[in-house]
Protein chains: 2
Amino acid sequence: MTRSEENYLKSIFHLAEDNTSVSTNALAKKMKIKASSSTEMIKKLSEKGHVYYKKYKGVKLTKKGRLAATSIVRKHRLWEVFLVDKLGFSWDEVHEVAEQLEHIKSSKLTDELDSFLNYPKADPHGDPIPDSNGNIIDSKRQVLANVSIHANCICIGVNDSSKFFLKYLDKFKIKLGTKITVLNREFYDSSMTVLINNKKTSISKEVSNNLYVEII
Amino acid sequence: MTRSEENYLKSIFHLAEDNTSVSTNALAKKMKIKASSSTEMIKKLSEKGHVYYKKYKGVKLTKKGRLAATSIVRKHRLWEVFLVDKLGFSWDEVHEVAEQLEHIKSSKLTDELDSFLNYPKADPHGDPIPDSNGNIIDSKRQVLANVSIHANCICIGVNDSSKFFLKYLDKFKIKLGTKITVLNREFYDSSMTVLINNKKTSISKEVSNNLYVEII
DNA sequence: ATAAATTTTTAGTCTAGTCTAAATATTAAT
DNA sequence: ATTAATATTTAGACTAGACTAAAAATTTAT
């Protein structure tokens, strides 16, 4: 499998983890290529049995395609853990490098890395790491925006892994494990007042929609 | 720089670490491609300032090209150390994977890895690891074949890193650091009798030519 | 010093993966 | 139920990096 094919499968997976159908256009947009290019590749992936494809009807991963995709995601997230835990990268620096490392082909490497890292269940952004069979145990996490008033919760992940968001969180001392208490929610702009590190803080809906928490 | 360009520079470097000129044909043979292909790429590398090239006169790395080449070699050897020291690979299993890892682009990654591994000076086969400026400190190692009778020496590297040779060494319990005493040399076939782990062993010239040692 | 052998280069072809522009389907709006 | 807007596919072109076959230069051998 080529690097390009791997990237297509990964993108299809991310656009539809629930395995619904993905449109040519959505895929092209995600990958920053033209729709004609994604059509071409979809045809090829279909011939190789990685996706189901009906003209004009979008594309869905087959079992084989999904396993290939989760294998890439598994590697990506394991490498992110390695970079942060072992090499001292910060959580906003790992993505680019992991995009390269995820394509290294060696199941021994992946499995030994997993063991070396003590079988982590999530990457530095809280995203779950698939096992080698492609199974993903995703906890019942929810976005902070949906949490009801007065609830106590713990930050367990982010929905947006961009540098910009992660650096914002660093500035406000929010990281995985940080306790958050919801005090209030404004009707007007959906902003929230929360208690973080014993300080009252106002949080916009952009932020609360991108923070995963677990109620405690 | 593309992966292919990186591989050309690496091959040129390995064919002439002393920076003598490398022929189109030698390069093609080393890379298992046709001579016409290497001519093409040589032209491109020349335009980009990575090599000096005169038609029919072979090719030589420029300063820039040599730095690029040693950077790849540095990464290759650091990753080999990682695989053996941290992930439990054996020295005959690391090459293929390192061939992939050497192309990962991130100087932060390389330097942090170097630090994480405690600034190793050689890879698992005893080959020196260039520093980030491309400098290589190669000890005055010599092949066992050239050592004089009665000398005591220590195995510090191999000249042939193929699985076959490395597994042969494993079988005879020869590894880096193993003490070898030369007892005798046969005129007929250039084989040697040596003392390894307090056992007399006969060693063919194929083997003694591929073992690097240091006299003690 | 010429002929023969070898090496290197050139010219033209192929595949993967992208693109643009045009044609065709599908979906949404009146 | 047509038309308009949008999405998708097709057709044809481009680049990187490989190839084969043939031409040209260099080296080796007589």
Side-chain angles (χ1 to χ4, degrees), chain A residues 1-16 20-62 64-65 68-69 72 99-100 102-105, chain B residues 1-16 20-62 64-65 68-69 72 99-100 102-105:
Chain A
M1 186 141 45
T2 69
R3 177 168 296 232
S4 185
E5 288 171 342
E6 288 185 345
N7 282 331
Y8 274 91
L9 293 179
K10 184 181 59 157
S11 294
I12 295 168
F13 174 79
H14 283 314
L15 287 170
T20 52
S21 163
V22 169
S23 76
T24 302
N25 235 4
L27 186 53
K29 201 163 289 172
K30 171 120 187 155
M31 301 189 70
K32 292 170 184 173
I33 54 171
K34 299 299 168 185
S36 54
S37 307
S38 66
T39 299
E40 293 270 298
M41 183 57 98
I42 282 168
K43 279 187 200 164
K44 208 214 282 190
L45 291 172
S46 164
E47 268 165 30
K48 293 195 176 179
H50 287 109
V51 298
Y52 301 113
Y53 171 55
K54 269 277 171 114
K55 270 193 196 176
Y56 296 100
K57 295 302 173 192
V59 75
K60 237 187 256 227
L61 293 175
T62 61
K64 185 173 158 193
I72 306 295
E99 288 280 293
Q100 300 177 62
E102 71 189 4
H103 296 288
I104 304 294
K105 285 171 183 52
Chain B
M1 187 141 46
T2 67
R3 176 168 295 233
S4 185
E5 287 171 344
E6 289 185 344
N7 282 330
Y8 274 92
L9 293 178
K10 183 181 59 158
S11 294
I12 295 168
F13 175 80
H14 283 314
L15 286 170
T20 52
S21 162
V22 170
S23 75
T24 302
N25 235 4
L27 186 53
K29 201 163 290 174
K30 170 118 186 155
M31 301 189 70
K32 293 172 183 169
I33 53 169
K34 299 299 168 185
S36 53
S37 307
S38 66
T39 300
E40 292 271 300
M41 182 57 98
I42 282 167
K43 279 186 200 164
K44 206 213 286 190
L45 290 172
S46 164
E47 269 165 29
K48 293 194 177 179
H50 287 110
V51 298
Y52 302 113
Y53 171 56
K54 270 274 168 118
K55 269 191 197 180
Y56 295 100
K57 295 302 172 192
V59 76
K60 237 187 255 227
L61 293 175
T62 61
K64 186 174 157 194
I72 305 295
E99 289 279 294
Q100 301 177 62
E102 70 190 5
H103 297 290
I104 304 293
K105 287 172 181 55

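Letters A, B, ... mirror the listed sequences (proteins, then strands); counts begin at 1.
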For atom NZ of A:Lys34 and atom P of D:dA7, their distance in whole Å: 14 Å

Any side-chain donor-acceptor pair under 3.5 Å between B:Glu5 and B:His50? no

Using whole Å, report how far CD1 of B:Ile33 lies from P of D:dA16. 16 Å

Base, sugar-phosphate alone, or nothing: which one does A:Thr39 contact when heavy atoms must sit under 4.0 Å apart? base

B:Tyr56 side chain N/O closer than 4.0 Å to the phosphate oxygens (OP1, OP2) of D:dA23? no

5'-most contact on DNA chain D (nearest-nucleotide basis), B:Ser36 vs B:Met41, goes to B:Met41

Take the protein atom CD1 of A:Ile42 and the nucleotide atom P of D:dT9, then report the distance between them rounded to whole Å. 6 Å

Are the side chains of A:Leu27 and A:Met41 in contact, using a 4.5 Å heavy-atom criterion? no

Phosphate contact (C:dT10 OP1 or OP2) by B:Lys43 side-chain N/O below 4.0 Å: yes

Quick one: label A:Glu40 by what it contacts on the DNA or RNA (base, sugar-phosphate, nothing), any heavy atom closer than 4.0 Å. base

Flag yes if more than 12 heavy atoms outside B:Lys29 fall under 6.0 Å of its NZ atom; otherwise flag no. no

Side-chain contact check for A:Thr24: nearest option of C:dT8, D:dC19, D:dT8 is D:dT8

Rounding to an integer number of Å, can you tell me how far A:Glu6 CD sits from C:dA16 P? 16 Å

What's the NZ-P distance between A:Lys29 and D:dA7, to the nearest Å? 7 Å

Report yes if some heavy atom in the side chain of A:Val51 is under 4.5 Å from a heavy atom in the side chain of A:Ile12; otherwise report no. yes

Within residues 47-55 of chain A, those residues having any heavy atom closer than 4.0 Å to DNA chain D are A:Tyr53, A:Lys55

Nearest whole Å is fine: how far is D:dA24 P from B:Lys57 NZ? 18 Å

Distance col, row A:Gln100:CD vs A:Arg3:CZ, nearest 0.5 angstrom, shows 7.5 Å

Those residues at least two apart in sequence (or on a different chain) that pass side-chain contact (heavy atoms from CB on, under 4.5 Å) with A:Lys34 are A:Ser36, A:Ser37

Quick one: is B:Tyr8 getting a side-chain N or O under 4.0 Å of the D:dA16 phosphate, OP1 or OP2? no

Contact check, side chains of A:His103 and A:Asn7, non-hydrogen atoms, under 4.5 Å: yes

Looking for any heavy atom pair under 4.0 Å, which part of the strands does B:Ser38 touch: base, sugar-phosphate only, or nothing? nothing

What's the CG-C1' distance between A:Leu27 and D:dT9, to the nearest Å? 15 Å

To the nearest angstrom, how far is A:Met1 atom CE from C:dA16 atom P? 15 Å

C:dT18 phosphate, OP1 or OP2: any side-chain N/O from A:Ser37 under 4.0 angstrom? no

